[in-house]
Each structure stands twice: as structure tokens, then as C-alpha cells.
Amino acid sequence: MPGFEDDMPFFDEPARASRPAPGGIAARAMAARQGRSATPDYLNGLNPEQRLAVETTEGPVLVLAGAGTGKTRVLTTRIAHILATGRAFPSQILAVTFTNKAAREMKSRIGMLIGEGNVEGMPWLGTFHSIGVKLLRRHAELAGLRSDFTILDTDDQVRLIKQLIQAEGLDDKRWAPRVFAQMIDGWKNKGLGPAEIPEGDARAFANGKGRELYQAYQNRLLTLNACDFGDLLCHPIRIFRAHHDVLEEYHRRFKYILVDEYQDTNTAQYMWLRLLAQRPRQSASVPAEGRGGDRRPPDVSGAPAQGQPQEAAVRPVSVNICCVGDDDQSIYGWRGAEVDNILRFEKDFPGATVIRLERNYRSTAHILGAASHLIAHNEGRLGKTLFTDRPDPEDAKVNVHAAWDSDEEARAVGEAIEAYQRGGHALNDMAILVRASFQMRSFEDRFIEIGLNYRVIGGPRFYERQEIRDALAYLRVVANSGDDLAFERIVNVPKRGLGEAAIRQIHDTARALGTPMLAAAANLAESDELKPKPRAALREITANFERWQKALDNTPHTELAETILEESGYTDMWKNDRSADAPGRLENLKELIRSMEEYESLRSFLEHVALVMDAEQNEGMDAVSIMTLHSAKGLEFETVFLPGWEEGLFPHQRALDEGGRSGLEEERRLAYVGLTRAKKNLHIWFVSNRRIHGLWQSTIPSRFLEELPEAHVEVQESGNSYGGYGNPYGGSSFASGRGGRQNPYGASRFDSLGQGSSDKGGAFSNSYATPGWQRAQQNRTEATSRNWGTRSGHQVERIGYGETDSGYGAGRGSVKGRTIDGELVAKSVAETPSPFSVGERVFHQKFGNGNIAAIEGNKLTIDFDKAGQKKVLDSFVEGSRGVGE
DNA sequence: CACAATTGACTTTTT
DNA sequence: GTCAATTGTG
């Protein structure tokens, strides 16, 4: 990671005042010093507010930057400005973001502003966590760690907790490790250690042993020389508090602090920032302005130990902290973000300058109008109103569409996308933003069917995949033989005949000897405490690790990684795996090796993997993006589709149940984020029926639809422009509801469409299925329909299929029936020998060509060329002869 | 010990 | 409906 080199000296870099500063910057700094005030080109094109935000470098500044108002530009220009005017050296600037993506973006934009070549030491720019790691590596011993500590991800964390719960003799069913991991996360988000958590919280878990368990977990982490994500924030906080000399070191170092997405900070991050940004009077260092107008950075070359000349501090040092955020885009409350941090800024930092950026450069007046009107329904805002000075009468209004069910929704969106495409729009400029990821499937299915390129953003992360985590575990053990969690993960992967018993044995030995598990295993392999088989297996694997570790220093790390995966039998394991995703996994492993090339050593690679591994694939192709509203924050698209605006889904029922009013407001902010992603075209969809947890439920339109202003919205007369299927609801009822009242629409404007939406809770009303109830339901339908199912046999399927293919006018009953038919026919005709054989090439109307991977009765598992692996009934496919390849 | 059958959960997600 | 994780069986 450029700019994050750990060997970069801490304090001597800005020291050589005599050393020529990089060209452009030096020249500008010189100009600034000499009072020449020609506007530097990097300031050109900023509007007055933006310029103020850039040039108000001293003192606390809060920039309230609405969506699309040039927030990132302000941040990056501000950094460039500070550098160009010689106010600070790069290393004296700390810039914090939330995501790696944002960090990368800022880095490259700063690079562009000040010239790549000139970047001699970038600012400390990174996520809270990556900066936390950097701090912690330097001061690990103060937290009871060694500086080569490992970073556990959620998966490791959960497995560890599970062990602890079992060690306590507790039932890990009743006390789910995952739940406890979340509790710990929650505490750490608040900066609370085991001693500080509220009594109630402590009692709520593990028969009141919550606190002990938390403590045990922390102890275990120290033994393992490991940190979880929360610790990356909490340890530095604790170190800062306990060691003032360390904190002062950083006070001297960081002259300017910048924070992106301030509305998303949680309590721990807030404390972390406060510690760095607020300097107690008595320990204040020399204010730069105190040096007689000389704007050069203060000389901080003296090593900390040497000490600064302690001039009596006259006043608190101005905290040059600049936080940029938008309270209306706070959508991470559920994971500990405190909107309050931004609402409170002026109190926290007295004398703060607050700058509002309200001039929007992104969206049309209609979109802004809709978004503003919607968000105005929230209370407790700092209040901003976005405006554009480029209204265009040609702009399209925000479109609201209705669909019968999610399949029709997907179909209609698909057709709209194709229509835009025909109109010359690139797929890359379009996005579908959903509330919950399960909504993605119907779009994916549909797009595969019609051959529309799409990409899913923010799915399961690359490094979270099983094969990647396994491979990494091997590498982790090689790099650090004390990594027990990693060792345990792969001792028996691939299967080596080392089961529960053997692993417990290794555990016990490790504990008895006080060594890591790998060493214990080596020991055990030489003793006769194990049966011959596991013993041989252990001997082999420990010998392997020993050999790999020896090779670590004299083999290129990518090569070593390949060797390890080969020799351990790991790649063979997947090569022998017949399942459809095995080739993909092998491909991923190759990708992993490729990605290692960018790092100079195995160690540095592993460090980055833990924190910053996200693979963006398919970047090259033109494709529609599908993602959740959450992951869309910060992005923009020409055309945006927002499906699923129904009560219960959006706003989500659970947000309402658990968050009450504030939950609703967060959902509304999420809607606001969604609306403001669109530059030109915005289409909102809602459906009357949606399948949740396998059951069809009727739904009513989202209340957010009622909150859109009539003037900027156009309600589409149902999907009549999208193909010839019937309109299942009265299209005219859209128009009918328009009336007076405060809300320009009648309350039931969209309601009237919700055919069969009798039960008020809709899809997500509390009545919905517990797993048991649901299964009972399923059994019942199956039982009742078995009779006519056997009678009609394949006939029924074809009808069912025909309906799927040709029309959505059929009521939901038949849609339901289709599914049931699939089930029941499969069971009733199970004995009939299949006309197909494994490996045969077949054609399916919906999924195209594919090869049969497996046959069970009349159910075929087929690897489709385009659609991947699907299970279908044999009557749906035909031999692919004649259906050209 | 390995595999198949069964059970249960299931909003959002970064690091 | 789908997934993973756990339980029961060979």
C-alpha cells in the first residue's frame, strides 16, 4: 500500500528543512510565502462554499456535504492546498476514510492534484482500521502484543468464541457464538472493555457469564498474539489513554486531521479522533502561527525522546480537524454508527466553522426535489436543501411503476434497461439498487434469461470464500507457526483422517507443552499416543510445514504458495471434486496467487489480505450493476432503478420493530441515498406480491412513495408498455387518488393497487413463518396436491411452464402452483427411469445449453453454460441436437 | 471418521 | 426456497 511503508521514518522526514521539497509544491509554497496570491489552478472550478471549505485550514471545520455536492473533491483539494501552501508536510496530515475504496479514490485524486511524481510520502491516508494497525504495530507491546500480531476476521473470531463457549461447558446452540461475536463487536464499537460493559449486557449472555466470556476471549487473543477488527480501534485508544508520551508523539506529528463520512463514525472511532484531535492545554505543542508568520511546518525533527522545548502553552492548540459528512446519509446506525457525532460537532469542537455544501452537481431538479421532499420527513436533521442551478425542462420526472410480483418487476426492469440501451445508454451507466440482497436473485435470473450483462457488487467477498480462506490458512501457518486458528482450519483439509478426536489430542498436547498446535502436532507425530493412521498423517503434514517454512526465505512467495497448495493436496482436492463450483474455486486459487504478485513478501501480502482485500471483477465489460442500497453510497449512475418499495421490505419490518422511529428514519435516509444516486433517470418499482422465505405474501406500497412530491413524480400507468400480458390491477386507480390534503396524494393512492393486500402487515407481518410452521405448511400443500398431481403428471408441469413463459397475467395462485407442481411431480414419478444420462448435452428453454451433472429420478442437475448449475425436471429439457451450439 | 439427511435461519455490512 | 451447520448412520 503506497504511503504505508512501515519502514518510513516517523519523525525525521519533515526534518530537513534544507532538503528541497518536491518541485511544484515547493514553488507554490514559495509563492505563498512571498505573498503572491495568484489562484493556484487546483482551486479553479470550485464554488465559493467549496473553496471556503478548502481554504479554512485552521481550526475545527465541519463540512456538511449533501449528496453530489463535491465532497471528495473538497477533501482532496484541501489536502493539496495544505501541502501546496507549505502548511504541512505530507506526513503531518492524517486522513481517515471508512472504506478501502474511498481511501484508494482519495489517494489517486491527490496524486493527480499534486502530481504523482511529486508524491514524496503521502499523508497518512487510510481507513480507521488500517491506520489502527499501523499504530498498533508500532506500539504493540503496550497492548500486550508482539508487533507481528495476526488480524482475525469474523470467521476466525466466531470459531474462537465457539471454542470458548464449549470450554465453559455451555451449550453453543443456546448461546450462539455468532451472536456473541456480534455483542463483542458492539461493545468494541463503543470502546468498552470487559470491565466496562453494562451489567445488563453481561448478564444477557451465557447464563450471566457474558463478562467472563468476553474477558476469556480477550485473554485468548493475547495468547494467540492476535487482534480482531474491534481491537484495531480499541487498543490504540487504550494506549493513548495510558501513555501520554505516545499520544503526544502523535499530537506533535499530526497538524491536520481530515475525516470522511463523519456521520458513520461509531463511538470508538469518535474517541480515537478526539484523543488525537483535542490537545489538553498543558501539553500543547508549539502553535505554528506562533512562529512569526513563518508558514513553514514546525521543526519536529527532534526525536520524541529528545523532547521539544517546552514553551509554556498559552492556549489550546487549534485542532485542525476537518470532518466531512452528511447526516442525511447516515445509514449504518445498526452497526454502531452514531449520527449524534455529527450533530454534536459544534459542541465538541467549540468555535468550529460549519460549511454547508448544497449545490448539487449530480442530479436533475426532479430527482433532487423528490429526495429533498422525502428526507424532510425526518426530524433531528442539521438541515440542508440540495439545489441545482441547471434545471432543464427536458428532464424526466421520477417514475413510479407497479408490478404484480417480483418476477414481473424483474422483467419490466429488464425491458426498461434494454429500452435505454437501444436509446444509446451504456449498461455501465445503469444500476439496480435493492434493499436486501435476496431481491437480487430475480434480476439475475431474468438477466441470464435474456442475456443481459450484469454485475453484482458487494456480494460475498473474495477473501471470504472457503477455498481462499483455506489457502490463506496454509500460508498463515507457514508465515507464523503460532497461528493455531489457521492450523486448526486446515489440519484436516483435505481430509487426512484427522477427526475430532485427533484434534482434541493436539489441543491437549499443545496446552500441556505450552506450545502452538503445530509444534504439538510434530511432537505427537513422534510419540505413540495416536493410532498409526492419524500419526502418519500428522507426521506428513508437520514435515510439510517444516519444509515450507524453510523455503519461505529463499523462494519467491507466489511460487511457494503454489507449491504449498500442490503438495498439501489442496488443489487436488478440488480437482477431484465433481461439483459444479470446483472449477471456479480452482480459478479463484489461481487468482489468489496472481494477486500475491503485487506484494513484496508473503508477510505483507497476508497483512493486506486481512484488511483490504476486495476484488473487483468484470471491470472491463459493459454491464448493469446490481447492489444493495448500502453499498451504493458514494456512487452515482445516469439511470437508477429502485425496486421493492413495499412496506415490510422498504422500510424493512425489522428496522421498524427494532429501531422504532429512529429505525424508520434510517430507512428513510436509505431511501434518500438511493434517490440521490441517480443523475438523470430514476425509476421506482413496487409489487403487489412477493415471495418471502418461500411463501407468497401480498404487500402494500411503501409509505415512502407517499412521501414523494407530486410535482416531481410521474406514476406510470402500469406495465402496459412492457409486453402484452394483462394488467392484473386497475391501472386507472393510479390517477384516481390524486387529491388535496397535506399529502398531495390520497393516503391510499398506491394502496388501491395492492390487490389482495388485506392483511395490513403485508409480506413481513409478524405472522410469517417460523421454520417449523413453514415446513408444516409445505408438507400440507404437498399432501393436498399429491392427488391431482399424480393424475395429471407431466401435463401439469407443461402448463406450469407455459405460464411462466408466456404470461404474468395469471394470478399468484398459479405461480404458486407451478412451484408446487415441481415438487410433487418430482416425488410421484421418482421411479420412472430417466430418459437422460449423466454427461449428456441438453437444452433448456430458460437456461440454454448445458451438461447433465447428476440425475435423481426425474430431477436433473445440469451445469448450464450460461446460467450455472440448476436443478430442473427432465421434462423441461430436450437433447440439444439441432439446437445449434 | 466420512458421508448423507435433517434442521434452522433468513436486512443492511466494513474492517 | 436456499444455505450452512449439525445430527445420525454406515
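Note that the structure is predicted; figures quoted are calculated from it, not measured. The sequence lines fix the lettering, A, B, ..., with proteins before strands; numbering per chain opens at 1.
- For B:dT12, the base is stacked against the aromatic ring of A:Trp334, per a cut-off of 5.5 Å between centres and 30° between planes.
- Geometric assessment of A:Arg668 against the ring of A:Phe704 yields a negative cation-pi assignment under the 6.0 Å and 45° thresholds.
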Interface polar pairs with nucleotides 8-10 of chain C, N/O, under 3.5 angstrom:
none

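- Side chain to side chain, A:Thr265 and A:Asn341 meet the donor-acceptor criterion of an N or O pair below 3.5 Å.
- With hydrogens and angles left out, the side chain of A:Arg435 and the base of B:dT12 share a donor-acceptor pair within 3.5 Å.
- Scanning for side chain to side chain donor-acceptor pair (under 3.5 Å) contacts around A:Arg585 gives A:Glu467, A:Asp581, with sequence neighbours left out.
- Distance CZ (A:Arg504) to P (B:dC1): 9 Å, rounded to an integer number of Å.
- Between the NZ atom of A:Lys101 and the C1' atom of B:dT15 there is a distance of 15 Å, given to the nearest Å.
- At least one test fails for A:Arg446 against the ring of A:Phe443: distance under 6.0 Å to the centre or angle within 45° of the axis.
- With B:dT11, B:dT15, B:dT12 as the candidates, the nucleotide lying closest to the side chain of A:Thr127 is B:dT15.
- The distance from atom CD1 of A:Ile331 to atom P of B:dT11 is 18 Å, rounded to the nearest whole Å.
- Checking each of A:Asp156, A:Asp155, A:Asp483, A:Asp153 against A:Arg489 for a salt bridge (charged side-chain N to carboxylate O under 4.0 Å, His left out) leaves exactly one that passes, namely A:Asp155.
- Once the 5.5 Å centre distance and the 30° plane angle are applied, the aromatic ring of A:His652 is found stacked with the base of B:dT11.
- Nucleic acid contact class of A:Thr154 (heavy atoms, under 4.0 Å, all strands): base.
- Look at CD on A:Gln182: it is 11 Å from P on B:dT11, rounded to the nearest Å.
- Residues satisfying the side chain to side chain donor-acceptor pair (under 3.5 Å) criterion with A:Glu409, sequence neighbours excluded, are A:Arg690.
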